[in-house]
J.: 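For reference, the structure I am asking about is given below.
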Number of protein chains: 2
Amino acid sequence: MNEKQKALYEARAKIIKAMAHPTRLFIVDAVSKKSQCVAELTEQIGADMSTVSKHLTILKNVGIIEDEKRGSHIYYKLKTPCVMSFFGCVESVLKSTAVQQLKLVK
Amino acid sequence: MNEKQKALYEARAKIIKAMAHPTRLFIVDAVSKKSQCVAELTEQIGADMSTVSKHLTILKNVGIIEDEKRGSHIYYKLKTPCVMSFFGCVESVLKSTAVQQLKLVK
DNA sequence: TAACCATTTGGCTATATTGCCAAATATGCA
DNA sequence: TGCATATTTGGCAATATAGCCAAATGGTTA
């Protein structure tokens with residue numbers, strides 16, 4: 001792997017890493033349904049608002065979500081909808097391992 | 001988020017987390033093209049073989065790749081091909097942010 | 001301008017991840 | 001059996017991540 005390739009894989013990994021957290025996955029899922037602000041998301045997640053805010057920043061920095069200021073509120077929404085396809089694949093990975101674990105039990 | 005939901009998001013995140021590393025992304029890419037063993041991958045990656053082996057274990061444990069023993073070699077191959085769709089989406093996220101950064105420069 | 005609401009930032013601690021080296025394990029062959 | 005090859009495991013140090021609290025910022029309204 002040369003330097004250029006390495007940099008490319010790092011850039012890709014950074015984006016996937018932004019999705020690689022339960023709270024951030026929830027956020028992506030939630031804002032894909034409707035634009036929401038930190039306070040709303042915080043209520044659903046049940047963590048400190050500052051924590052949720054930091055997760056939002058991470059997702060925003062890589063370009064997965066974007067913010068829109070409306071008055072004193074900041075609404076977050078999905079910027080790159082293709083990330084939703086991750087969910088389907090992840091589900092099939094989960095299912096495939098579940099099937100295999102079932103076989104082991106039998 | 002109730003406990004069950006939380007557990008589901010954690011399970012999903014674990015799978016995505018397995019992809020969230022430059023070396024592991026490279027491995028997924030590489031073994032999607034052809035089955036390979038640690039030594040081969042190590043050569044391309046340029047890290048310690050034990051490091052590469054650990055990355056393989058992480059990917060295997062979540063069910064993204066699987067191993068196949070042939071004689072004294074262990075070949076790794078892609079188990080859940082849908083993860084390849086991540087690349088396309090990641091590329092479009094990269095492109096979309098690149099375009100935006102260009103606009104800022106102008 | 002002051003009090004207020006929404007949100008982010010700084011700072012700190014706890015925990016998790018990564019990568020190397022050295023040692024262990026497993027397999028094949030002389 | 002014993003040595004060579006292929007790969008994994010243990011252990012440790014360095015770095016990164018996550019979460020909370022407290023404080024700061026920024027816009028809104030009285």
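Chain naming here is simple, since letters A, B, ... match the order of the sequence lines and numbering starts at 1 in each.
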J.: State plainly whether the residues A:E68 and A:R70 are in salt-bridge range, i.e. N to O under 4.0 Å.
T.: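 A salt bridge is present here (some side-chain N lies under 4.0 Å from a carboxylate O).
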
J.: What string of B, S and - do you get for nucleotides 8-15 of chain C, 5' to 3', when a contact is any protein heavy atom under 4.0 Å?
T.: BBBB----

J.: Assuming nearest nucleotide by heavy-atom distance, tell me which of A:A47 and A:S72 is located more 5' along DNA chain D.
T.: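 In this pair, the answer is A:A47.
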
J.: Is the distance from OP1 or OP2 of C:dA16 to the nearest side-chain N or O of B:H21 less than 4.0 Å?
T.: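 For B:H21, the contact criterion (side-chain N or O under 4.0 Å from OP1 or OP2 of C:dA16) is not met.
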
J.: Rounded to whole Å, please give me the gap between CD1 in B:I16 and P in C:dT17.
T.: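 Value for this atom pair: 15 Å.
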
J.: Report, as yes or no, whether the 6.0 Å neighbourhood of atom CD on A:E43 holds more than 12 heavy atoms from other residues, nucleotides or ligands.
T.: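 Not more than 12 within 6.0 Å, no.
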
J.: Please give, in whole Å, the distance from C:dT17 P to B:L59 CG?
T.: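 To the nearest whole Å, that distance equals 14 Å.
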
J.: Take the protein atom CD1 of A:I58 and the nucleotide atom P of D:dA16, then report the distance between them rounded to whole Å.
T.: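 Interatomic distance, CD1 of A:I58 to P of D:dA16: 14 Å.
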
J.: Think A:H73 has a side-chain N or O under 4.0 angstrom from the OP1 or OP2 of D:dG27?
T.: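 Checking D:dG27 against A:H73, no side-chain N or O comes under 4.0 Å of OP1 or OP2.
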
J.: Would you indicate, yes or no, if D:dA18 has its OP1 or OP2 atom less than 4.0 angstrom from a side-chain nitrogen or oxygen of A:R24?
T.: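 Yes, A:R24 has a side-chain N/O under 4.0 Å of OP1/OP2 on D:dA18.
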
J.: Taking B:Q101 for the side chain and B:A98 for the main chain, is one N or O donor matched with an acceptor at less than 3.5 Å?
T.: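 No; judged by distance alone, with no hydrogens or angles, the pair does not exist.
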
J.: What is the distance from atom CD of B:Q36 to atom CD1 of B:I74, rounded to the nearest 0.5 Å?
T.: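 B:Q36 atom CD to B:I74 atom CD1 measures 14.5 Å (nearest 0.5 Å).
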
J.: Please determine whether side chain to side chain donor-acceptor pair (under 3.5 Å) holds for the pair A:Q100 and A:K95, giving the CA-CA distance in whole Å, both sets of side-chain angles, and the decisive distance to 0.1 Å.
T.: CA-CA 9 Å; A:Q100 224 149 17; A:K95 193 176 283 177; over 6 Å; no

J.: Tell me whether the side-chain N/O atoms of B:H55 come closer than 4.0 Å to OP1 or OP2 in C:dT17.
T.: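 No, outside the criterion.
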
J.: CD of B:E40 versus C1' of D:dT7: gap in Å, rounded?
T.: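 Between C1' of D:dT7 and CD of B:E40: 13 Å.
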
J.: Would a single hydrophobic cluster contain both A:F87 and A:V83, if residues Ile, Leu, Val, Met, Phe, Trp and Tyr are joined by side-chain heavy-atom contacts under 4.5 Å?
T.: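 Looking at the clustering, A:F87 is in the same group as A:V83.
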
J.: Whole angstrom is fine here: how far is it from CD1 in A:I27 over to C1' in C:dT7?
T.: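 That distance rounds to 14 Å.
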
J.: Tell me: CE of A:M19 to P of D:dT17, nearest whole Å?
T.: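 Interatomic distance, CE of A:M19 to P of D:dT17: 17 Å.
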
J.: Side chains of A:K6 and B:F26: does their closest heavy-atom pair fall under 4.5 Å?
T.: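 Answer no - side chains too far apart.
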
J.: Tell me the interatomic distance from A:K69, atom NZ, to D:dT25, atom P, rounded to whole angstroms.
T.: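 Distance check: A:K69 NZ to D:dT25 P gives 16 Å.
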
J.: Provide, to the nearest angstrom, the distance between the CD1 atom belonging to A:I65 and the C1' atom belonging to C:dT7.
T.: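 In whole Å, C:dT7 C1' lies 13 Å from A:I65 CD1.
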
J.: Judged by each residue's nearest nucleotide on DNA chain D, which is more toward the 5′ side, A:A20 or A:G71?
T.: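 Whichever sits nearer the 5' end wins; that is A:A20.
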
